[in-house]
**Student:** 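Take a look at the following structure, please.
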Protein chains: 2
Amino acid sequence: MPAPARTSTDAVVSAGRAIIERDGLAALTMQAVAAAVGVRAPSLYKRVAGRDGLVRLIADQAAMEVAAQLDDAIGGVDPAADLRALAAALRAFALRNPATFPLLFDPRLAGVSPEARDRSVGAVRRVAAALAGAEHELPAARMVVAWANGFVTMELAGAFQLGGDVDEAWDYALDGLVVALGRREDRGGRV
Amino acid sequence: MPAPARTSTDAVVSAGRAIIERDGLAALTMQAVAAAVGVRAPSLYKRVAGRDGLVRLIADQAAMEVAAQLDDAIGGVDPAADLRALAAALRAFALRNPATFPLLFDPRLAGVSPEARDRSVGAVRRVAAALAGAEHELPAARMVVAWANGFVTMELAGAFQLGGDVDEAWDYALDGLVVALGRREDRGGRV
DNA sequence: ACCTGAACACCGTTCAAGT
DNA sequence: ACCTGAACACCGTTCAAGT
């Protein structure tokens, strides 16, 4: 008589993510996850490719969430406003998921799944194209994403310790990005 | 008769860093480090506050190195050229130390030692002040550092997978940063 | 004063045996 | 078809005993 499944991959991933956010990545043990879903550690190997596989699934789940929230953030009318909304959505997600977010760009994972990545960049590319022109879409999107990820990464790491207002630095850079991406209008006018 | 020291904290830290760069962070075991310096694992606890303490010292050592290389990179004549040189030095360090670099902004370390941090930001702040004016020094420096760190972090994580030339994106963003930081000259001219 | 073997608690993972 | 206890290899860390 086949034994019925007592948990699911989704439950395992969510439990793992909750553990990371509550107690940190080091607390993510197979036994802790198993206990959280009401099973024994060896059973997890039916759902997940070991601890490393679980971490990757957590990162993928988070990446899909970010993508959805970036999509929701843009309105499509004012490109500059969309850029700010996009960045704000990313930052809000990171501050709400401070332990999970850094997984998205962990070099040990060598990137998140292609589907999650493609969804995430879609919104950014549209805004970048609207601001910088289609011919600069890719480098403009990369500039925005690099800055935003770097900023929240440093914020999460507690790297802004020289005083000053972190929110002011955030707004200053966003103003600068709008100017920088929109600068093609100045071409030829001056050096 | 007191036993003579058979290794040193420096040797332990360097050996640990070499292991990380060669085989990854997961290969950094106390036994591997001990073997590399010719000692048994328990002896390392005389030099280093456990594995976590060792990782922190590796990050601090790397941070001091980055700081020195950033200092060396700037010439002091042309601020825009200094910005490019600064960014290039950071990127070169990251590509030469792909496993160590991400430790610098690992939230689990909650930042690198204050001395290393202060040294690192010194060069960036000078360049930021020269480009953006003293009144915007801090937010300008944060914009530059956030972008540069974000860019190389994504590059190391293999996050630039949409094709296109990564170097082109790098140069595009640097051009944009020069424009963005120097935009105070445009104040009042237009919105 | 530092080094070591032995020991402890804990971890990821495998697998034969259960149902 | 999934779950489990038992087992294995490995890890970080402590500490009494050596020199």
Side-chain angles (χ1 to χ4, degrees), chain A residues 1-61 99-100 102-103 106-110, chain B residues 1-61 99-100 102-103 106-110:
Chain A
M1 183 213 269
R6 218 167 294 181
T7 184
S8 67
T9 302
D10 263 8
V12 170
V13 172
S14 295
R17 190 166 164 194
I19 290 172
I20 289 181
E21 287 301 342
R22 197 184 329 109
D23 300 317
L25 190 56
L28 185 78
T29 68
M30 296 302 271
Q31 306 185 26
V33 174
V37 299
V39 103
R40 299 288 185 167
S43 298
L44 297 178
Y45 291 78
K46 290 274 166 188
R47 312 279 166 215
V48 145
R51 201 193 102 114
D52 289 349
L54 173 56
V55 172
R56 176 172 284 278
L57 288 181
I58 293 172
D60 283 346
Q61 187 192 72
T100 305
L103 295 180
D106 191 317
R108 287 171 297 178
L109 301 181
Chain B
M1 185 214 266
R6 219 167 294 180
T7 183
S8 68
T9 301
D10 264 8
V12 170
V13 172
S14 296
R17 191 167 162 192
I19 289 172
I20 288 179
E21 287 302 341
R22 196 186 326 110
D23 300 317
L25 190 56
L28 185 78
T29 68
M30 297 301 271
Q31 307 185 24
V33 175
V37 299
V39 106
R40 299 287 185 169
S43 298
L44 297 178
Y45 291 78
K46 290 274 166 186
R47 312 279 165 215
V48 144
R51 200 193 103 114
D52 288 349
L54 172 56
V55 172
R56 177 172 284 278
L57 288 181
I58 292 173
D60 283 347
Q61 185 191 75
T100 306
L103 295 179
D106 192 316
R108 288 171 296 179
L109 301 181

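Each chain gets a letter, A, B and so on, in the order its sequence line appears, and its residues count up from 1. Note that the structure is predicted; figures quoted are calculated from it, not measured.
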**Student:** Do you know the tightest heavy-atom contact between B:Ala34 and B:Arg40?
**Tutor:**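 Smallest interatomic distance, heavy atoms only, reads CB-C, 3.6 Å.
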**Student:** Taking only N and O in the side chain of A:Arg40, is any of them less than 4.0 Å away from OP1 or OP2 of D:dA6?
**Tutor:**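 For A:Arg40, the contact criterion (side-chain N or O under 4.0 Å from OP1 or OP2 of D:dA6) is not met.
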**Student:** Let's test this: given Watson-Crick or G-U wobble pairing with both distances under 3.5 Å, identify the partner of C:dC3.
**Tutor:**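 Answer to the pairing question: none, since C:dC3 forms no Watson-Crick or G-U pair.
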**Student:** Who is the Watson-Crick or G-U wobble partner of D:dC11, with both distances under 3.5 Å?
**Tutor:**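 D:dC11 is unpaired by these criteria.
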**Student:** What pair of heavy atoms forms the shortest contact from A:Leu28 to A:Arg51, and how long is it?
**Tutor:**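 Looks like O-NH1, 2.6 Å.
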**Student:** Can you name the nearest heavy-atom pair linking A:Val13 to A:Ile58, along with the distance?
**Tutor:**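 Closest approach of A:Val13 to A:Ile58, heavy atoms only: O-CG1, 3.8 Å.
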**Student:** May I ask you to evaluate whether B:Arg47 reaches the phosphate of C:dA1, defined as a side-chain N or O under 4.0 Å from OP1 or OP2?
**Tutor:**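 So the side-chain polar atoms of B:Arg47 never come under 4.0 Å of the phosphate oxygens OP1 or OP2 of C:dA1.
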**Student:** Base contacts versus sugar-phosphate-only contacts with protein, heavy atoms under 4.0 Å: please encode nucleotides 10-16 of chain D as B, S and - from 5' to 3'.
**Tutor:** -SSBBB-
**Student:** Would you tell me if any nitrogen or oxygen in the side chain of A:Ser43 comes within less than 4.0 Å of OP1 or OP2 on D:dT4?
**Tutor:**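 For D:dT4, OP1/OP2 do have a side-chain N/O of A:Ser43 under 4.0 Å.
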**Student:** So do A:Arg108 and B:Pro102 actually touch side chain to side chain, heavy atoms under 4.5 Å?
**Tutor:**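 When only atoms from C-beta onward are counted, A:Arg108 and B:Pro102 do not touch, as no gap falls below 4.5 Å.
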**Student:** Below 4.5 Å, heavy atoms only, C-beta onward: do A:Val33 and A:Leu44 meet side chain to side chain?
**Tutor:**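 They are in side-chain contact.
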**Student:** Does the side chain of A:Val12 reach to within under 4.5 Å of the side chain of A:Val39, using non-hydrogen atoms?
**Tutor:**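 When only atoms from C-beta onward are counted, A:Val39 and A:Val12 do not touch, as no gap falls below 4.5 Å.
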